[in-house]
Amino acid sequence: MGKMIDEFNSYRTRMNERIMDTAEMNEIFMIANLVGGSIVIPHYRRALEYWEELNSNLS
């Protein structure tokens, strides 16, 4: 599960246009935590960093 989050966010940061808002991303992260459990926490943190970086670059 964590590898999927990493791959998604790596791909997502290369995209030029936004297809999701923060609320939708938070929902995805919550589902990943529910399914993956505590093992995905480090990947979740990294995903949040990517998301924040993406949002700051697009602003």
Is there a side-chain contact between Glu27 and Ile31 (heavy atoms, below 4.5 Å)? yes
Would you kindly confirm whether Ile41 and Phe29 end up in one hydrophobic cluster when ILVMFWY residues are joined by side chain heavy atoms under 4.5 Å apart? no
Tell me which one of Val40, Ile39, Ile28 satisfies side-chain contact (heavy atoms from CB on, under 4.5 Å) with Asn33. Val40
dist Leu48:CG -> Asn26:CG (nearest 0.5 Å) comes out at 7.0 Å
